Asker: 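Here's a structure for you.
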Number of protein chains: 2
Amino acid sequence: MTNKASAPPLGGKRRRKIGAPKVRLEEVAQEAGVSAATASRVLNNPSLVTKDLRDKVLKATSKLGYVADGAARALASRRSRVLGAVVPNLSNTIFSDMIEGFQQRLEPQGYTMLLATFNYDEAAECRSVRTMIERGVDGLVLVGVTHSKELELLLKSSGIPFVQTWAPARASGHPTIGYDNATAARLLVDHLVGLGHRDIGVVAGLTQHNDRVRARIAGLRAAMRRHRIPLPADRIVQTEYRIAKVREAFRVVQRKGELPTALIANNDIVALGLLLEAQAQGIRVPAQLSIVGVGDLEIVTHMKPPLTTVRSPKHTIGAMAADYLLARISGHDFAIPEELPLELVVRGSTAPPRMTRRKDTSA
Amino acid sequence: MTNKASAPPLGGKRRRKIGAPKVRLEEVAQEAGVSAATASRVLNNPSLVTKDLRDKVLKATSKLGYVADGAARALASRRSRVLGAVVPNLSNTIFSDMIEGFQQRLEPQGYTMLLATFNYDEAAECRSVRTMIERGVDGLVLVGVTHSKELELLLKSSGIPFVQTWAPARASGHPTIGYDNATAARLLVDHLVGLGHRDIGVVAGLTQHNDRVRARIAGLRAAMRRHRIPLPADRIVQTEYRIAKVREAFRVVQRKGELPTALIANNDIVALGLLLEAQAQGIRVPAQLSIVGVGDLEIVTHMKPPLTTVRSPKHTIGAMAADYLLARISGHDFAIPEELPLELVVRGSTAPPRMTRRKDTSA
DNA sequence: AGCCTCCTTGAAAGCGCTTTCTTTTTGGCG
DNA sequence: CGCCAAAAAGAAAGCGCTTTCAAGGAGGCT
């Protein structure tokens with residue numbers, strides 16, 4: 001038994017569905033004995049209409065089962081009540097969390113979300129934004145602060161309100177909501193160095209088209225410099241955010257010489273992969289190797305050992321982006337915090353290094 | 001430094017952005033020396049226009065940087081080129097994977113996706129669908145085959161094409177794309193029974209508002225019955241899909257008496273939680289306890305032991321839903337397979353039970 | 001009492017596009 | 001060379017709503 005998509009072709013002639021008589025506002029107005037203008041006002045700005053007529057109109061709408069036509073509305077009012085979100089992907093839970101936060105703020109305001117993913121492909125990102133602009137979104141949330149020239153241009157010429165995310169406000173001339181990756185780096189490095197680590201390795205994400213990774217590496221560099229601890233280039237390895245790839249990256253680190261006493265992962269997915277590979281190899285964490293990440297994903301709490309990490313406000317970033325956009329659209333003020341708070345969560349994956357095996361060169 | 005959302009209020013008067021002169025099709029037509037009708041045809045149905053004029057119009061559009069107005073388009077043509085997706089959440093990667101699959105098919109066709117999550121709240125689901133219908137989506141993808149009366153009515157009276165997911169086609173009178181949870185259950189039970197297990201426990205999800213969980217439990221029951229193995233009610237425990245909750249559920253199972261020799265988890269998130277709790281308690285998997293799940297999430301391959309699971313076509317479900325909807329909208333045929341294929345992936349978390357500790361009562 | 005202002009309501013003009021419906025052009029063929 | 005059908009282009013009528021704009025009515029104030 002296979003189900004066919006026969007059904008009336010919508011593309012061809014006029015679309016006219018069975019049992020969908022489509023009530024227009026005009027008819028509602030007639031039913032209520034008022035003009036279309038009044039009916040419209042009841043729906044959009046009730047305070048302009050006396051309670052008397054308001055009730056009549058409301059009664060008529062529900063009686064007739066009126067459903068507004070978004071397109072007509074958008075055309076006449078110049079606002080679509082749709083906000084767009086363009087993110088790299090949804091598999092990385094930091095983005096799906098953020099999107100959930102975003103959407104949850106929109107819903108109560110009667111806004112809906114147009115969503116697109118672009119897999120770190122600049123051209124795809126740009127196409128998505130363009131399509132969204134065509135669809136008439138009232139605002140847009142983007143990830144990161146560096147974009148292709150074309151995208152910049154698109155944004156500027158459309159004049160659409162937009163907000164960037166995952167970077168501190170100062171990172172861009174445009175409104176930006178997020179935390180400072182340098183802060184995250186500092187928290188981690190301070191913790192590790194405080195524990196006595198001097199030989200620290202970094203397993204980063206792919207820096208291409210990802211300014212967050214770049215910022216985090218830069219932050220790491222700065223933090224290490226402050227402690228006068230070297231971070232040679234061969235102590236930094238890049239990887240995709242997939243466990244299998246991360247495990248390979250771990251082996252790459254090993255091939256480069258003796259393992260450092262601590263590994264800083266770009267995020268918790270990476271940290272998880274490192275931990276898993278270490279365990280597979282029988283390397284004891286944290287006794288032989290400390291591992292830290294960023295993000296505080298649900299699962300890392302439950303690993304053995306649980307991961308030390310920096311908790312990041314994934315959900316809040318989305319929610320605040322929504323609040324900002326909504327405020328902006330309605331002409332209200334909204335103060336974007338310079339940076340969102342980050343918190344170091346110390347758990348079992350970090351411990352002082354075994355101070356035995358290596359000359360203690362550094363500073 | 002705090003960034004303010006000053007900017008011209010869009011809500012108040014006419015929205016007129018600086019540097020956004022907004023080119024209309026009329027102007028493009030003028031530039032190209034043709035009528036607006038012809039320009040429109042070039043954009044929507046190029047074959048109706050001679051190459052000559054077509055080129056002129058195309059040149060004019062790019063010269064003027066024309067961007068179509070989706071609202072006007074939708075109003076005049078009665079199609080929005082937007083498809084809606086309403087899913088429980090995005091934290092469960094089965095849904096984010098599905099959504100990625102969905103969106104990836106849409107993009108090349110010039111369609112965009114309106115997305116809403118409802119957290120297993122029927123009322124919220126219904127509201128989301130209503131809003132999407134107002135926004136004029138051309139089609140809708142839903143999760144599951146049971147909906148509130150109100151939602152059914154909405155769907156019917158709007159006459160919008162829609163497709164349900166995560167159930168086999170036969171599960172509903174409406175088009176449905178997915179696999180059969182009974183099949184998944186059978187694969188798992190057969191495997192476990194084949195290994196020699198007779199005392200099998202189930203850790204399911206919350207059955208409320210989730211027909212997938214109900215179907216899976218029913219499937220489990222049927223499969224066990226076929227093997228003449230009892231599945232008493234106290235061998236079934238429900239849990240939320242959060243690791244901490246799952247671990248609690250594990251303890252609930254323990255409190256109910258001796259642990260079964262195998263535990264069937266509703267999905268891999270649950271299986272993961274069970275594995276983690278077992279390990280925390282020093283219960284050896286699979287020696288003392290076999291654990292299986294459904295979904296084949298990336299991480300479960302990398303656990304120690306790696307999880308035996310049933311691989312489900314998460315991405316395909318989304319992609320096929322998109323294909324179906326797109327076909328339906330353009331009046332083409334699309335054959336929905338009765339059910340999508342499932343594959344048992346046997347890994348290290350299952351083994352024969354230790355046949356020592358219990359009287360072998362059953363059958 | 002008279003004038004002016006503010007509050008309600010209705011009439012009607014679009015919003016920017018697609019799509020008939022017509023008109024014009026092209027081309028095939030007797 | 002002329003006639004007719006078919007193809008290509010244009011004119012214009014909306015799509016369903018919001019929002020001026022104008023009109024009417026109710027008070028408030030001098």
Side-chain angles (χ1 to χ4, degrees), chain A residues 10-16 20-57 60-61 64 66-81 133-136 138 158, chain B residues 10-16 20-57 60-61 64 66-81 133-136 138 158:
Chain A
L10 314 177
K13 288 285 164 190
R14 275 250 174 284
R15 153 164 129 197
R16 187 84 317 208
K22 181 84 167 180
V23 183
R24 281 172 307 110
L25 188 55
E26 182 87 41
E27 302 167 35
V28 172
Q30 213 155 2
E31 170 79 23
V34 301
S35 70
T38 299
S40 169
R41 279 192 275 258
V42 170
L43 266 27
N44 296 301
N45 212 340
S47 67
L48 294 180
V49 180
T50 51
K51 181 158 185 349
D52 203 38
L53 294 188
R54 217 187 304 160
D55 291 344
K56 276 189 198 163
V57 171
T61 56
L64 267 43
Y66 171 74
V67 177
D69 180 317
R73 245 180 161 181
L75 183 57
S77 68
R78 281 102 188 290
R79 47 214 300 277
S80 60
R81 288 144 196 273
I133 292 175
E134 284 199 9
R135 296 291 176 276
D138 291 339
S158 74
Chain B
L10 313 177
K13 287 286 164 188
R14 275 249 174 286
R15 154 164 128 195
R16 188 84 318 209
K22 181 83 168 180
V23 183
R24 281 170 307 111
L25 188 55
E26 181 88 42
E27 301 167 34
V28 172
Q30 213 156 0
E31 170 78 25
V34 301
S35 70
T38 299
S40 169
R41 280 192 275 257
V42 170
L43 266 27
N44 296 303
N45 210 342
S47 67
L48 295 180
V49 180
T50 51
K51 182 158 183 344
D52 203 37
L53 293 189
R54 218 187 303 159
D55 291 344
K56 275 190 198 163
V57 171
T61 57
L64 267 43
Y66 172 72
V67 177
D69 180 316
R73 245 180 162 180
L75 183 56
S77 69
R78 284 101 187 291
R79 47 215 300 278
S80 60
R81 288 144 198 272
I133 292 175
E134 285 199 8
R135 297 293 175 275
D138 291 338
S158 75

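All values derive from a computational prediction rather than experimental measurement.
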Asker: Going from CG on A/Leu53 to CG on A/Leu48, what distance comes out if it is rounded to the nearest 0.5 angstrom?
Answerer: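 Between atom CG of A/Leu53 and atom CG of A/Leu48 there are 12.0 Å.
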Asker: For the side chain of B/Leu53, counting heavy atoms from C-beta on, which of D/dA9, D/dC17, C/dG16 is nearest?
Answerer: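 Minimum distance to the B/Leu53 side chain belongs to D/dA9.
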Asker: Taking only side-chain N and O atoms of A/Thr38, does any of them lie within less than 4.0 angstrom of OP1 or OP2 on C/dG10?
Answerer: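 Answer yes for this pair, as a side-chain N or O of A/Thr38 is under 4.0 Å from OP1 or OP2.
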Asker: Look at the side chain of B/Ala72 and decide which nucleotide, out of D/dA9, C/dG16, D/dC17, has an atom nearest to it.
Answerer: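 The nucleotide sitting nearest to the side chain is C/dG16.
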Asker: Send over the distance from A/Glu26 CD to C/dA12 P, rounded to a whole Å.
Answerer: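 Atom CD in A/Glu26 sits about 12 Å away from atom P in C/dA12.
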Asker: Report the distance from atom CZ of A/Arg41 to atom C1' of D/dC17, rounded to the nearest whole Å.
Answerer: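 Rounded to whole Å, this separation is 13 Å.
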Asker: What integer distance in Å separates A/Leu25:CG from D/dT18:P?
Answerer: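 It is 6 Å, rounded to the nearest whole Å.
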Asker: If you define the side chain from C-beta out and look only at heavy atoms, does anything of B/Val49 sit under 4.5 Å from B/Val34?
Answerer: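 No - every pair of side-chain heavy atoms lies 4.5 Å or more apart.
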Asker: For the pair made of CG in A/Asn45 and P in D/dT19, what is the distance, rounded to whole Å?
Answerer: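 Roughly 9 Å, once rounded to whole Å.
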Asker: Just compare D/dG10, C/dG16, C/dT9 and give me whichever is closest to any side-chain atom of A/Thr50.
Answerer: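 It is C/dT9.
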Asker: What is the distance, to the nearest angstrom, from the CG atom on A/Leu75 to the P atom on C/dG14?
Answerer: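 Taking atom P of C/dG14 as the reference, CG of A/Leu75 is at 14 Å.
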Asker: Rounded to the nearest angstrom, tell me the gap between atom CG in A/Leu43 and atom P in D/dC17.
Answerer: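 Roughly 9 Å, once rounded to whole Å.
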Asker: Between OG of B/Ser35 and CD of B/Glu26, what distance do you get to the nearest 0.5 Å?
Answerer: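 If I round to the nearest 0.5 Å, the distance is 9.0 Å.
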Asker: The side chain of A/Ala37 lies closest to which of these nucleotides: C/dT18, C/dG10, D/dG10?
Answerer: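 Nucleotide nearest to A/Ala37's side chain: C/dG10.
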Asker: Within the structure, does a side-chain N or O atom of B/Arg78 lie under 4.0 Å from either OP1 or OP2 of C/dC17?
Answerer: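 Indeed not, no polar side-chain atom of B/Arg78 lies that close.
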Asker: Using atom CG of A/Leu48 as one end and atom P of D/dT19 as the other, report the distance to the nearest whole Å.
Answerer: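 These atoms are roughly 10 Å apart.
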Asker: Which nucleotide in the list C/dT18, D/dT19, C/dC15 gets nearest to the side chain of B/Arg73?
Answerer: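 In terms of side-chain proximity for B/Arg73, the closest of C/dT18, D/dT19, C/dC15 is C/dT18.
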Asker: Please tell me which of the listed nucleotides, D/dC17, D/dT18, D/dA9, lies nearest to the side chain of A/Ser40?
Answerer: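 From the listed options, D/dT18 comes nearest.
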Asker: When rounded to the nearest 0.5 angstrom, what distance separates CZ in B/Arg73 from CG in A/Leu75?
Answerer: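 One gets 13.5 Å once the value is rounded to the nearest 0.5 Å.
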Asker: Compare the minimum distances between each of C/dA11, D/dG10, C/dC17 and the side chain of B/Val34, then state the nucleotide with the smallest one.
Answerer: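 Of all the options, the side chain of B/Val34 is nearest to D/dG10.
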Asker: Counting side-chain heavy atoms from C-beta on, which of D/dG16, C/dT9, D/dG10 comes nearest to A/Lys22?
Answerer: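 For A/Lys22, the side-chain atoms sit closest to D/dG16.
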Asker: Measure from the side chain of A/Ser77, starting at C-beta and using heavy atoms only, and say which of C/dT19, C/dA12, D/dT18 lies closest.
Answerer: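 Between C/dT19, C/dA12, D/dT18, the one nearest the side chain of A/Ser77 would be D/dT18.
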Asker: Rounded to the nearest angstrom, tell me the gap between atom CG in B/Asp69 and atom P in C/dT18.
Answerer: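 For the pair B/Asp69 CG and C/dT18 P, the rounded distance is 10 Å.
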Asker: Could you tell me whether B/Lys51 and B/Asp55 make a salt bridge, using a distance below 4.0 angstrom between a side-chain N and a carboxylate O?
Answerer: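 Result for this pair is yes, salt bridge flagged.
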